Number of protein chains: 2
Amino acid sequence: MKTPTLPLFDRPEGMTTHDYAFARLRQAIMVGSFRPGTSVTIRGLAEALESSPTPVREALRQLTSIGALQVLENRRIVVPHITPARFEELISLRIALESHAARRAVAHLTERQIERISAIDDSIEDEIRRGDQAAALIANQAFHRTIYTANPDQIVMPLIESVWLQLGPILGIAMEHVSELYVVDRHREAIDALRRRDEGAVADAIAADIREGIGGFDQQAIARLLKLAA
Amino acid sequence: MKTPTLPLFDRPEGMTTHDYAFARLRQAIMVGSFRPGTSVTIRGLAEALESSPTPVREALRQLTSIGALQVLENRRIVVPHITPARFEELISLRIALESHAARRAVAHLTERQIERISAIDDSIEDEIRRGDQAAALIANQAFHRTIYTANPDQIVMPLIESVWLQLGPILGIAMEHVSELYVVDRHREAIDALRRRDEGAVADAIAADIREGIGGFDQQAIARLLKLAA
DNA sequence: TTTGCGAAAATGTGATCACAAAATGAGATT
DNA sequence: AATCTCATTTTGTGATCACATTTTCGCAAA
């Protein structure tokens, strides 16, 4: 199967074909629908999306330039493989970027926004209880994104999402082999710190959340997962 | 003048038209050849590069997805404007990303590589003495890049270059209004710290270098520059 | 069974064209 | 002089086609 099935995705009216292709592929990669090493072809995707090569190629170019896909020497496009070293690198980058983003968001968050963030955290646990891993994952990303984007002049969010995209494939594998998502309860800690406007504590909570979440897999567990992906 | 003249750029044999367009535009933006607000058209660029819309459009899409260009509501593409807040955000991001990258590069740097970095630093001062601002700028970027990319599994370099690209336009304006580039001598400090394998000191030196370099312009100076760009 | 060869299919690339929407500019009207 | 109107031009979008390269696969030879 060269071209995996794409998750559902409503196409907003007025959206260009190119933007639609980009958004749909991006979403698929972000939630781990593609396995590392999967090759993606322009024509295959154009057919799947019922369009033509031109807009699909543009979408693929964008995805490669943000690290979500990789172009090989022979110009073919694949979902990047993940080595343990690369994985560790991505996690440490997440910590650096997101604790920075969280710290700089604190001053901009309103009480109302903090309540909304707290509500998102509740919905994460709902989805986990319901067993919908993909939904829990998306809600978890919304939790983080809502915090960071409170800063209106922020530049960092696209960079963070680039890292998320690069973690997507390993995340998909992990979800297949973990019967149940456990989410470390650092979110409450972060929310409390937000209420206290304690920038340092917020940054620490976010860093711990990342480290103990997906980052908490030790090298052995990752190596095992990556072998499964090969 | 809608489409500014592009700096010279040799086209390596075998490079695709699209890659050439991307590399050349990227380089132009990185060294500040484009002013904020400049609008870029597909056909205009295709003509300037003696090619056709298709590869140019792909290049533009990539540049927008890494923040080097911006698509407006009417789908026109422009060089982004920079506000003082955005500028400050970019500088703080540079500090966070590059001190992180520098710290994680230390363990991978060989003596030979450190000597090479030292040689690059010498070439920066040569270019400054010669008065070639663009060359000094490129050499300065090479100094930083050579340090960070010593880490073979590093993911962070594309993100750092994204930030550099977003700073490019303001940098071009600054160069027009500064008779002489002054480079704070934190490079020697960084090199010494590299030799001592002192990760913390390396990170601090890089952070100080950024802060006291372009980041050292105070809000007033930036506001004045940004007004000139309008 | 394995290896080598060649035709057929698949794939990336880039130019071109038609279409729709937006911007431009000239001329008329107030 | 300022504003409105409408034709013209410019611009982005996406489908299609031709070309070159790579990959795939069947078949014959070792």
Side-chain angles (χ1 to χ4, degrees), chain A residues 1-6 9 11-26 29 34 37-81, chain B residues 1-4 6 9-26 29 34 37-81:
Chain A
M1 176 91 75
K2 286 291 184 63
T3 304
T5 52
L6 295 169
F9 199 103
R11 176 171 182 172
E13 188 170 356
M15 186 180 225
T16 64
T17 305
H18 149 262
D19 275 333
Y20 176 62
F22 176 74
R24 202 161 155 184
L25 279 169
R26 186 191 132 97
I29 295 170
F34 288 4
T38 304
S39 75
V40 193
T41 67
I42 296 170
R43 283 179 172 85
L45 238 45
E47 191 172 357
L49 297 170
E50 295 177 329
S51 68
S52 69
T54 311
V56 169
R57 213 161 69 216
E58 293 168 21
L60 292 181
R61 292 249 194 263
Q62 287 195 77
L63 289 164
T64 58
S65 66
I66 58 180
L69 295 173
Q70 176 186 13
V71 284
L72 304 179
E73 314 301 332
N74 52 2
R75 294 179 180 170
R76 269 174 175 66
I77 297 175
V78 298
V79 179
H81 278 102
Chain B
M1 176 89 76
K2 286 292 184 63
T3 304
L6 294 169
F9 199 103
D10 281 339
R11 176 171 182 171
E13 188 170 355
M15 187 181 226
T16 64
T17 305
H18 150 262
D19 276 332
Y20 176 62
F22 176 74
R24 201 160 153 185
L25 279 169
R26 186 189 131 98
I29 295 169
F34 288 4
T38 304
S39 76
V40 199
T41 66
I42 297 170
R43 284 179 172 87
L45 238 45
E47 191 173 356
L49 296 169
E50 294 178 329
S51 68
S52 69
T54 311
V56 169
R57 213 160 70 217
E58 293 169 20
L60 292 181
R61 292 249 195 261
Q62 287 195 76
L63 289 165
T64 60
S65 66
I66 58 180
L69 295 174
Q70 176 187 12
V71 284
L72 303 180
E73 315 302 333
N74 52 1
R75 293 178 182 170
R76 268 172 175 69
I77 297 176
V78 297
V79 179
H81 277 101

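Heavy-atom basis, side chains included; hydrogens, waters and symmetry copies ignored. As the structure is a computational prediction, the values presented were derived from the model and not from experiment. Lettering follows sequence order; numbering is per chain, from 1.
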Can you check the [X] [atom1] to [N] [atom2] distance for me, whole Å?
X       : N      : atom1 : atom2 : answer
B:Arg11 : C:dT13 : CZ    : C1'   : 11 Å
A:Phe22 : D:dG14 : CZ    : P     : 14 Å
A:Tyr20 : D:dT13 : OH    : P     : 18 Å
A:Glu58 : C:dG12 : CD    : C1'   : 15 Å
B:Asp19 : C:dG14 : CG    : C1'   : 13 Å
B:Leu72 : C:dA22 : CG    : P     : 13 Å
A:Glu73 : C:dG12 : CD    : C1'   : 15 Å
B:Leu69 : D:dG12 : CG    : C1'   : 15 Å

Ignoring the backbone of [X], work out which of [options] is nearest its side chain.
X       : options                : result
B:Pro55 : C:dT13, C:dA15, D:dG14 : C:dA15
A:Arg43 : C:dA15, C:dG12, D:dG12 : C:dG12
A:Thr16 : D:dG14, D:dG12, C:dA15 : D:dG14

Checklist entry - Does the side chain of A:Leu25 reach to within under 4.5 Å of the side chain of A:Leu60, using non-hydrogen atoms? => result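 Side chain of A:Leu25 against side chain of A:Leu60, heavy atoms only: contact under 4.5 Å found.
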Checklist entry - So do A:Leu69 and A:Val79 actually touch side chain to side chain, heavy atoms under 4.5 Å? => result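 The answer is yes, as the side chains (C-beta and beyond) meet within the 4.5 Å cut-off.
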Next on the checklist: Nearest heavy atom decides the nucleotide; on that basis, is A:Pro53 or B:Leu60 closer to the 5' end of DNA chain D?
Outcome noted: B:Leu60
Checklist entry - Within the pair A:Asn74 and C:dG12, is there a side-chain N or O less than 4.0 Å away from OP1 or OP2? => result no
Checklist entry - Does B:Thr17 make a side-chain N or O approach to OP1 or OP2 of C:dG14 shorter than 4.0 Å? => result yes
Checklist entry - So what does A:Arg76 touch, heavy atoms closer than 4.0 Å: a base, only the sugar-phosphate, or nothing? => result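 Sugar-phosphate, backbone atoms only, no base.
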Checklist entry - At under 4.0 Å between heavy atoms, what does A:Arg75 touch on the DNA or RNA strands: base, sugar-phosphate, or nothing? => result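 A:Arg75: backbone/sugar contact only, no base atoms under 4.0 Å.
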Checklist entry - Could one point to a donor on the side chain of A:Thr54 or the base of D:dT13 with an acceptor on the other under 3.5 Å away? => result no
Next on the checklist: Distance criterion of 3.5 Å, no angle test: do you see the side chain of B:Arg57 paired donor-to-acceptor with the base of D:dG14?
Outcome noted: yes
Might you point out which heavy atoms bring [X] and [Y] nearest each other, and give the distance in Å?
X       : Y       : value
A:Thr17 : A:Pro55 : CG2-CG, 3.7 Å
B:Tyr20 : B:Met15 : CA-SD, 3.7 Å
B:Pro53 : B:Ala46 : N-CB, 3.9 Å

